[in-house]
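See structure below.
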Amino acid sequence: MTKLSPLQIERLKYQPKLPSSLQNGVNSLEMVEGSATESVRDREQIKALFANTYGKPTVTFKSSSSVSTSEVRNVGVILSGGQAPGGHNVIAGLYDALKSANSANKLYGFLGGPSGIIDGKYVEFTDEFIDAYRNTGGFDIIGSGRTKLETEEQFQKSLAVCKKLNISAVVIIGGDDSNTNAALLAEWFVKNNTGIQVIGCPKTIDGDLKNEQIEISFGFDTATKTYAELIGNIQRDANSAKKYWHFIKIMGRSASHVALEAALQTQPNITLISEEVQEKKMSLASIIDYMTDIIVKRSDMGKNFGIAVIPEGLIEFIPEMGSMISNLNDIMASLESDPNFVNATTIREKFDIVENRLDTENAKVYNSLPALIKGQLLADRDPHGNVQVSKIETEKLLIEMISTRLDELKDQGEYIGKFSAQSHFFGYEGRCAFPSNFDADYCYSLGYNAFALINFGLTGYLSSVRNLTQPADQWIAGGVPLTMMMNMEKRHGEMKPVIQKALVRLDGPVFKQLQDNRDDWAMNDRYLFPGAIQYFGPSSVCDITTITLQLERSKELASV
């Protein structure tokens, strides 16, 4: 038997909290329908692609005095995409709801992500199996994967596996791309009269899967608190040694929610926000000037140290870099089958081939980059055919360019300080952390609620639990149609239906909190040290959620 740490033993005992509407089980619920919905953009195209599942109403659940009987159901569950804290509790909540509705119900976990339902690799959950994973981080209970569910062959194989196991519903736990797959599978199942439902659960630590119905994606709370603890530790070290500038790149490719939340929790000297860079059309040179100016001014105060927080996806939001990368993504799709590129014996040859294919201005940008960054831009693509931004060491690019700029200023007599830099990238450190009490409760509620959606015969819906800044018993459980969040975007050179990513709103209360304080934080050391996630003690300490959600909800409530 595997030896458990004292904290593991205690966390296995934790009983997650549920919204009051779900506390008596799914057999004691009433469903209330809202108004019909439409997609966020490209409505005619999305409606045509999802003719059988488009336009459904939002739903909420409330307690009912009557008790219904639940028919026997077998359900399959898939963990899809990157890990996020709390995934195990989604499955635990789903399992508990399913078993409480009818003890004859069965839950199957497909192994290794979506490929499990295609290949028929699965495990049946039992009490003993589930109990070993409650309130723990990671996705190791059944593993995850990034296989797409989008082809006729994949759908046919998935159907065959579901028929074999007599599965009548599938729950897909994932982010925007994974839930796009859920929407496609739901549409195909309805179109082909299979009788199989599909429900999604909103997972992504990036925080970019949200809207009015999905206030926060699970894992964001735990991950940002984990990163904030690490940043706080580094700030304490920097303030002690007083000789290093720490450049900290933080996970979050398409949106800067994680970097912004971590910054609000720790108050570093510099925080770059990708969406702001794009909105202001800031060039790479202007970013370097902005950061260098702060470094010089702090040096004039005798402070040759500081903290800079950088979103993982920054490089794509710099206009000239974004244009070049978009051009490069299209080119790389064709170069994969180009023998001259594939058989090139040196990286220099590959650089030359790429530069000759790029548009003139994009070629200039590409050629201006250090060889390290140029090579990283040519690395293996992600599942969408795009550059893997996490592998581009943006923090090192900034350090190198700032160092060069400071040398120029030193030669001109405008800088007399010392610049020593350390680089960090926080990504994996937060993906599998022990979920916070908030994520443990939220994820358990999402899973429990997912079975309620199944029990009412819904398909093509995302499990939604709202009112999250209030105590858990006041949370509102329900569901939102997946098609409501969709638009058309270019993937692999073709327009595809995808769930629209929610980016940082520059006119929103969260960014304004940073904007109002960044000048003060730049020059003065207002460092906050959040410390480790707390699991035991007053609810005001242990159960409190992110600053992001608190600010967003306070503005929404003020406008009511």
Side-chain angles (χ1 to χ4, degrees), residues 40 176 204-212 214-217 219-221 223-225 227-228 231-232 235 247-284 286-287 289-291 293-294 306-319 321-322 389 394-395 398 426 430 468-469 500-524 526-528 530 544-559:
V40 290
D176 53 320
T204 170
I205 67 170
D206 289 357
D208 56 10
L209 175 53
K210 65 178 181 178
N211 53 43
E212 291 180 359
I214 308 298
E215 294 177 355
I216 192 172
S217 51
F220 180 78
D221 185 270
T224 53
K225 286 173 179 172
Y227 299 142
I231 293 170
Q235 287 180 160
F247 286 65
I248 304 170
K249 185 174 72 172
I250 264 188
M251 182 171 277
R253 171 177 178 162
S254 297
S256 305
H257 298 293
V258 177
L260 180 53
E261 171 65 25
L264 293 180
Q265 289 191 35
T266 58
Q267 303 181 176
N269 305 108
I270 297 174
T271 302
L272 300 180
I273 298 298
S274 298
E275 293 86 342
E276 180 185 21
V277 168
Q278 185 178 56
E279 176 72 18
K280 293 182 176 179
K281 296 181 170 58
M282 295 176 69
S283 65
L284 184 56
S286 65
I287 292 171
D289 287 344
Y290 167 71
M291 300 181 78
D293 182 60
I294 293 173
I307 308 294
V309 170
I310 303 150
E312 176 189 2
L314 173 71
I315 197 165
E316 283 190 302
F317 285 76
I318 301 169
M321 296 296 292
V389 172
T394 311
E395 68 280 21
L398 296 176
F426 295 154
L468 297 172
T469 53
Q500 186 182 59
K501 291 181 182 295
L503 303 182
V504 168
R505 290 184 53 192
L506 300 182
D507 61 348
V510 188
F511 177 74
K512 287 188 177 297
Q513 182 82 352
L514 172 70
Q515 192 174 43
D516 292 345
N517 290 281
R518 64 184 357 166
D519 291 342
D520 177 38
W521 297 352
M523 295 299 113
N524 302 299
R526 309 295 192 193
Y527 303 146
L528 290 179
I544 192 169
T545 187
T546 59
I547 296 172
T548 293
L549 188 52
Q550 293 176 59
L551 288 170
E552 289 174 340
R553 286 290 294 156
S554 64
K555 183 179 180 181
E556 289 171 14
L557 293 172
S559 65

(request) May I have all residue pairs that pass salt bridge (charged side-chain N to carboxylate O under 4.0 Å, His left out) and include part of residues 262-276, sequence neighbours excluded? (result) E276-K280, E276-R518
(request) Run the numbers on Y227 and M251 for side-chain contact (heavy atoms from CB on, under 4.5 Å), then give the verdict. (result) CA-CA 9 Å; Y227 299 142; M251 182 171 277; 4.0 Å; yes
(message) Here's a test for you: under side chain to side chain donor-acceptor pair (under 3.5 Å), which of D176, D206, T204 qualifies with K501?
(response) D176
(message) Would you say that V258 contacts F426 through its side chain, given a criterion of any heavy-atom pair below 4.5 Å between the two side chains?
(response) no
(request) Locate the shortest heavy-atom distance separating S274 from L314; write the atom from each residue and the value. (result) OG-CA, 3.3 Å
(message) Can you give me the closest heavy-atom contact between I547 and E261, atom names plus distance?
(response) N-OE2, 3.0 Å
(message) Tell me whether D221 is salt-bridged to K225, with the criterion being a basic N under 4.0 Å from an acidic carboxylate O.
(response) yes
(message) Could you check whether any side-chain N or O of Q265 sits under 3.5 Å from a backbone N or O of A228, counting only pairs where one atom can act as donor and the other as acceptor?
(response) no
(request) Over all heavy atoms of both residues, which pair between A263 and P268 is shortest? Give the atoms and the distance, please. (result) O-CD, 3.4 Å
(request) Can you spot which of T271, I250, D208, I273 makes a side chain to side chain contact (heavy atoms under 4.5 Å, CB included) with S256? (result) I273
(message) If I compare all heavy atoms of N269 with all of N524, which pair ends up nearest, and what's the gap?
(response) ND2-O, 4.0 Å
(request) For the pair E215 (side chain) and L468 (backbone), establish whether a donor and an acceptor sit closer than 3.5 Å, ignoring hydrogens and angles. (result) yes
(request) Calculate, to the nearest 0.5 Å, the distance between atoms CD1 and CZ belonging to I270 and F247 respectively. (result) 6.5 Å
(message) Against T548, only a single residue in V510, T224, V504 fulfils side chain to side chain contact (heavy atoms under 4.5 Å, CB included); can you say which?
(response) V510
(request) For residues 308-317, pull every pair meeting salt bridge (charged side-chain N to carboxylate O under 4.0 Å, His left out), keeping only residues two or more places apart or in separate chains. (result) R253-E316
(request) Taking Q550 for its side chain and T545 for its backbone only, find out whether a donor-acceptor pair lies under 3.5 Å. (result) yes
(message) I want to check something: taking the side chain as every heavy atom from C-beta on, are L264 and L551 in contact at a cut-off of under 4.5 Å?
(response) yes
(message) Evaluate I318 against M282 for side-chain contact (heavy atoms from CB on, under 4.5 Å), listing each step before the verdict.
(response) CA-CA 6 Å; I318 301 169; M282 295 176 69; over 6 Å; no
(message) For H257 and F220, take the angle between the two ring planes, folded into 0 to 90°, and tell me which bin it lands in: parallel under 30, tilted 30 to 60, perpendicular over 60.
(response) perpendicular
(request) Evaluate the criterion side-chain contact (heavy atoms from CB on, under 4.5 Å) for residue pair L284 and L398; output intermediate values, then yes/no. (result) CA-CA 9 Å; L284 184 56; L398 296 176; 4.2 Å; yes
(request) Could you tell me which non-hydrogen atom of W521 sits nearest to which non-hydrogen atom of Q267, and how far apart they are? (result) CZ2-CG, 3.3 Å
(request) List the atom of Q235, the atom of I307, and the distance in Å for their closest heavy-atom pair. (result) CG-CG1, 3.4 Å
(message) Does atom CD (E279) have a neighbourhood of more than 12 heavy atoms from anything else shown, all under 6.0 Å?
(response) no
(message) Nearest 0.5 Å, please: how far is CD1 in I216 from NZ in K210?
(response) 7.5 Å
(request) Report the distance from atom CD of E395 to atom CD1 of I310, rounding to the nearest 0.5 Å. (result) 6.5 Å
(request) Working to the nearest 0.5 Å, report the span between CG of L272 and CZ of F317. (result) 12.5 Å
